[in-house]
Amino acid sequence: MSTNPGRPKKDEGFLGKLGGTLARKKRSKEVSDLHEEGKNAINAPLLPSSADLLPEDLLLEENAERSMLDPTSREDPKFKDLQKVLIDWINNELEEERIIVKDLEEDLYDGQVLQKLFEKLSGRKLNVAEVTQSEIGQKQKLQTVLEAVNELLRPQGWTIEWGVDSIHSKNLVAIVYLLVALAMHYMAPIRLPEHVSVHVVVVKKKEGILQTAQVTKELTTTTEMMMGRFERDAFDTLLDHAPDKLNVVKTSLITFVNKHLNKLNLEVTELESQFADGVYLVLLMGLLEDYFVPLYNFYLTPETFEQKVHNVAFAFELMQDGGLKKPKARPEDVVNLNLKSTLRVLYNLFTNYKSAD
């Protein structure tokens with residue numbers, strides 16, 4: 001009597017069914033445990049919403065912590081604007097490297113772009129592999145880059161809000177914190193949006209229960225505070241404590257610039273406003289260095305913010321060509337009528353050219 005080879009023997013079928021039943025019960029118990037853990041989390045104190053939790057959050061180890069960007073903050077226009085400004089800055093800095101960043105989370109997590117950016121800004125070469133595909137290699141590169149960054153920023157009073165794991169896990173808040181710090185430290189020629197804050201949901205497992213809290217992270221403050229962080233000087237003291245003497249300084253600077261601009265039948269009465277478009281700065285440099293500045297090199301009647309920044313930046317280049325140090329102020333600050341920035345630039349000219357005819 002022949003048997004059907006496709007039909008299992010009685011014992012095999014029984015064992016197979018038993019194994020399948022046990023496997024289903026095991027999976028059911030795991031699902032039940034996971035559901036119970038999620039239920040405890042939902043009922044736990046400080047939990048804003050079960051929708052905030054991701055599956056990996058439910059599997060946290062005891063006392064482990066995880067943070068995530070609140071979805072509403074991710075869509076905040078000011079936060080998006082900040083990301084765009086940072087992306088444009090990086091692409092401008094790394095143009096010669098033919099590197100194009102489109103997304104901060106996807107393009108910076110492996111350390112490659114951060115390495116190139118830090119090397120360009122600092123002027124030092126890091127001892128890391130150029131290309132790393134493995135996770136271990138990427139984290140090793142990040143470790144080297146972040147150690148160099150932290151050694152630079154920590155003495156300046158920065159709170160380190162980033163780390164190898166947070167950057168590599170594409171934590172957008174940590175990445176933005178790092179880039180803002182670098183931009184501020186190196187006085188990047190960009191205008192960071194002011195008062196950008198985001199909400200971060202922090203999840204922590206304690207005694208088997210997930211507890212969450214929403215924390216507000218301040219990414220930027222005011223332009224004055226951000227760009228003046230590392231440059232307290234005599235003008236800060238003058239503005240804060242001796243405003244009466246400030247008028248004496250302004251009068252001296254106005255006399256100095258008019259001595260030269262009068263040769264072109266130009267006259268200055270307000271320092272902060274009349275130098276804001278960069279035209280007088282460019283013309284003044286030509287007069288001080290005794291050369292004619294071709295009109296095609298700058299905008300004689302600038303209308304946009306970008307055109308004014310171009311003029312001021314061009315004037316800064318002329319100053320450096322004349323042997324002066326690069327101005328501490330940013331072109332954007334002068335255009336934005338920042339009095340201290342304008343005073344710093346003009347005082348630098350005054351100290352170097354006060355005896356010029």
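Quick caveat, the model's predicted, so the values are computed rather than measured.
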[atom1] of [X]: more than 12 outside heavy atoms within 6.0 angstrom?
X    : atom1 : result
D290 : CG    : no
K206 : NZ    : no
K263 : NZ    : yes

Using a strict threshold of under 4.0 Å (side-chain N to carboxylate O), is an ion pair present between [Y] and [X]?
X    : Y    : result
E75  : K80  : yes
E161 : K217 : yes
K308 : E332 : no

Full working for side-chain contact (heavy atoms from CB on, under 4.5 Å) between D333 and T342: CA-CA 8 Å; D333 296 335; T342 305; over 6 Å; no
Side-chain contact, heavy-atom cut-off 4.5 Å: [X] with [Y]?
X    : Y    : answer
N258 : I254 : yes
K102 : N91  : no
Y109 : L142 : no
N297 : V282 : no
L324 : L349 : yes
H168 : Q138 : yes
L283 : L266 : yes
L121 : E93  : yes

R74 vs E105, salt bridge (charged side-chain N to carboxylate O under 4.0 Å, His left out): CA-CA, chis, key distance, verdict: CA-CA 12 Å; R74 183 178 286 274; E105 291 169 288; 3.1 Å; yes
Tell me whether [X] contacts the main-chain N or O of [Y] through its side chain, where contact means a donor paired with an acceptor under 3.5 Å.
X    : Y    : value
N352 : N348 : yes
Q115 : G111 : no
T220 : P193 : yes
E119 : L126 : yes

Same apolar cluster: I167 and I136, side chain cutoff 4.5 Å: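 Hydrophobic grouping puts I167 apart from I136.
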Trace of the side-chain contact (heavy atoms from CB on, under 4.5 Å) decision for V101 with L108: CA-CA 8 Å; V101 171; L108 270 71; 4.0 Å; yes
E267 and N262: CA distance, side-chain angles, deciding distance, side-chain hydrogen bond (donor to acceptor under 3.5 Å, both in side chains) verdict: CA-CA 6 Å; E267 186 166 356; N262 285 166; 4.7 Å; no
Salt bridge (charged side-chain N to carboxylate O under 4.0 Å, His left out) between D165 and K139, intermediate numbers included: CA-CA 8 Å; D165 290 334; K139 286 189 172 183; 3.5 Å; yes
Which atom pairs, donor and acceptor, lie under 3.5 Å between side-chain atoms of residues 144-155 and protein residues at least two apart or in another chain?
unit_1: T144; atom_1: OG1; unit_2: Q140; atom_2: O; d: 3.2
unit_1: E147; atom_1: OE2; unit_2: Q143; atom_2: NE2; d: 2.9
unit_1: N150; atom_1: OD1; unit_2: W162; atom_2: NE1; d: 2.9
unit_1: N150; atom_1: ND2; unit_2: L146; atom_2: O; d: 3.2

Steps toward ring-ring contact (aromatic ring centres under 6.0 Å, His included) verdict (H310, F298): CA-CA 7 Å; H310 169 87; F298 67 103; 8.5 Å; no
Test side chain to side chain donor-acceptor pair (under 3.5 Å) applied to T351 - qualifying residues, sequence neighbours left out: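 T351 satisfies side chain to side chain donor-acceptor pair (under 3.5 Å) with no other residue.
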Partner residues of F256 under the ring-ring contact (aromatic ring centres under 6.0 Å, His included) criterion, sequence neighbours left out: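 Applying ring-ring contact (aromatic ring centres under 6.0 Å, His included) to F256 gives H260, F350.
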